[in-house]
Amino acid sequence: MTSTPELGKYGVWRLHSAFTPELSRAIESFGYGTIWLGGSPPADLTTTEEILDATETVVVATGIVNIWSDAAADVAQSYHRLEKKHPGRFLLGIGAGHPEATQEYTKPYDALVAYLDELDTAGVPVERRVLAALGPKVLALAADRTAGAHPYLTTPEHTREAREALGPNKILAPEHKVVLESDPQKAREIGRPPVNNPYLHLRNYTNNLNRLGYSDEEIGDGGSDRLIDALVAHGTADAIAGRLQEHLAAGASHVTLHSLPDDADPLETYREIAAALLR
């Protein structure tokens, strides 16, 4: 029987194009359990393979392969290649992306169901795939058809609701942005732009934030301080670790941190937060 990969409690999320073998080995050495490849990695999953080749035990996951741009048959072929070469170390995250970014974006729930059907036919096990899921309908689909959910741009409050929707035994692996900066104003200046552009202009995210109690006024004009503080953990490494641990207390099985700004060297942030999380 196929088993679900052991993700560990904490992981790292970064754009797939920004990973190198050297960075991946460092992340593994710090004690993180999973590397998440963001930014819609292409179906050939060559970056995933390079990271698996360069490391020994860390799980590598996609966060996420976009169903509109990558055919299920091609993704399944890549899955089987990676599974044969690195058994048990790859988790396939898939999702429907954003309606604003995809002309073909029609009936995303039905498209996800059809994509999962194709993965079933191609022999990709339920235990080796997760869905990008925010709302209750897709969370329920994740519970029924995959190993769990990988929510993006969320809060511990969402994690609590997602755990209720998924049930007790599914993977729940939220992403949370972090800025290792103790001055709140400076931290918000770093964290606000990548949250605002594009996410506060994408309706799947704004709808989710509305459900969590944030008004359109708080979401508009770059996001209120309250909203940015909820979505971007900042402060000392210990303070950030405490915020990430709130997800675990709310029901997450794994939390993946996303260091900002994206174009800065994240190594010291990963090192310091790992020391606070794993001590």
Side-chain angles (χ1 to χ4, degrees), residues 11-19 36-41 62-64 66 68-69 93 95-103 105 108 132-135 138 149-159 161-162 173-237 239-240 242-244 246-247 250 252 255-266 269-270 273:
V12 166
W13 190 104
R14 189 166 170 80
L15 294 173
H16 69 93
S17 57
F19 274 105
W36 291 84
L37 306 183
S40 300
T62 52
I64 46 82
N66 191 311
W68 303 108
S69 56
H98 320 302
E100 293 82 356
T102 308
Q103 289 183 343
Y105 198 96
L134 292 174
V138 180
H150 172 48
Y152 186 89
L153 198 74
T154 65
T155 65
E157 292 74 23
H158 180 271
T159 293
E161 295 177 3
E175 172 266 2
H176 202 109
K177 293 172 173 52
V178 307
V179 175
L180 190 61
E181 170 57 64
S182 294
D183 183 315
Q185 182 174 346
K186 290 181 180 177
R188 292 177 191 126
E189 289 173 356
I190 295 169
R192 180 172 275 113
V195 169
N196 178 46
N197 184 19
Y199 301 107
L200 298 187
H201 303 275
L202 300 175
R203 65 177 180 266
N204 51 337
Y205 291 108
T206 58
N207 288 345
N208 189 56
L209 293 172
N210 286 153
R211 284 194 296 266
L212 292 171
Y214 295 95
S215 67
D216 290 340
E217 289 73 24
E218 287 184 281
I219 295 169
D221 197 26
S224 68
D225 286 353
R226 183 176 87 99
L227 177 60
I228 298 303
D229 289 349
L231 297 175
V232 183
H234 54 81
T236 64
I240 291 170
R243 181 62 169 165
L244 300 179
E246 289 180 28
H247 282 280
V255 187
T256 182
L257 66 93
H258 176 184
S259 176
L260 296 176
D262 283 311
D263 59 357
D265 183 348
T269 294
Y270 295 158
I273 294 175

Study note, to complete from the structure: Residues passing the ring-ring contact (aromatic ring centres under 6.0 Å, His included) test with H176, sequence neighbours excluded, are H247
Study note, to complete from the structure: Distance col, row I190:CD1 vs Q185:CD, nearest 0.5 angstrom, shows 11.5 Å
Point to revise | Shortest non-hydrogen contact between Y199 and P194, atoms and distance | key: CD1-O, 3.3 Å
Exercise for review: Taking the side chain as every heavy atom from C-beta outward, state whether V178 and H234 have any atom pair closer than 4.5 Å.
Suggested key: no
Point to revise | Point-to-point distance, once rounded to the nearest 0.5 Å, from CG of L260 to OG1 of T269 | key: 9.5 Å
**Study point:** Shortest non-hydrogen contact between P108 and W68, atoms and distance
**Key:** CA-CZ2, 4.1 Å
Exercise for review: Check the side chains of N196 and H201 for a donor-acceptor pair under 3.5 angstrom, ignoring hydrogens and angles.
Suggested key: yes
**Study point:** Short N-O contact, D262 and R14, less than 4.0 angstrom
**Key:** no
Practice item. Indicate yes or no: at least one non-hydrogen side-chain atom of L134 is less than 4.5 angstrom from one of L153. Key: no
Check your understanding: Closest approach of A133 and P151, non-hydrogen atoms and distance?
Key -> O-CB, 3.4 Å
Check your understanding: Just how far is it from atom CD1 of I219 to atom CG of N208, taken to the nearest 0.5 Å?
Key -> 9.5 Å
Check your understanding: In Å, rounded to the nearest 0.5 Å, how long is the span from CD of E181 to OG1 of T236?
Key -> 11.0 Å
Study note, to complete from the structure: Note: G38 and P41 closest approach over all heavy atoms is O-CD, 3.9 Å
Point to revise | From CA spacing to verdict: side-chain contact (heavy atoms from CB on, under 4.5 Å), T62, W36 | key: CA-CA 6 Å; T62 52; W36 291 84; over 6 Å; no
Review point. Hey, are the side chains of R243 and P156 touching, using non-hydrogen atoms and a 4.5 Å cut-off?
Key: yes
Check your understanding: Any side-chain heavy atom of T159 within less than 4.5 Å of one from E246?
Key -> no
Exercise for review: Can you sort out the partners of E161 under salt bridge (Lys or Arg N to Asp or Glu O under 4.0 Å), two or more places apart, ordered by chain and number?
Suggested key: none
Review point. Do D216 and T206 have side chains that get closer than 4.5 Å, going by heavy atoms?
Key: no
Review point. Is any side-chain heavy atom of T154 closer than 4.5 Å to a side-chain heavy atom of L212?
Key: no
Practice item. Please determine if K186 and E189 form a salt bridge, counting it only when a charged side-chain N lies under 4.0 Å from a carboxylate O. Key: no
Review point. Backbone N or O of A233 within a donor-acceptor pair of the D229 side chain at under 3.5 Å?
Key: no
Review point. Do H258 and E175 have a side chain donor and acceptor closer than 3.5 Å?
Key: yes
Check your understanding: With a 3.5 Å cut-off and no angle check, do the side chains of Y205 and Y152 form a donor-acceptor pair?
Key -> no
Check your understanding: For N66 and S40, which heavy atoms make the closest approach, and how far apart are they?
Key -> CB-OG, 3.8 Å
Point to revise | Side-chain donor or acceptor of T256 paired with backbone N/O of W13 under 3.5 Å | key: yes
Check your understanding: Any side-chain heavy atom of L15 sitting closer than 4.5 Å to one from L37?
Key -> no
Exercise for review: Start with the C-alpha gap between R188 and V232, add the side-chain angles, then the distance that decides, and say whether side-chain contact (heavy atoms from CB on, under 4.5 Å) holds.
Suggested key: CA-CA 8 Å; R188 292 177 191 126; V232 183; over 6 Å; no
Practice item. Could you check if a side-chain atom of V195 sits within less than 4.5 angstrom of a side-chain atom of L200, using non-hydrogen atoms only? Key: yes
Point to revise | Straight-line distance of R203 CZ to L209 CG, nearest 0.5 Å | key: 15.0 Å
Review point. Which value, rounded to the nearest 0.5 Å, describes the distance between L180 atom CG and I240 atom CD1?
Key: 5.0 Å
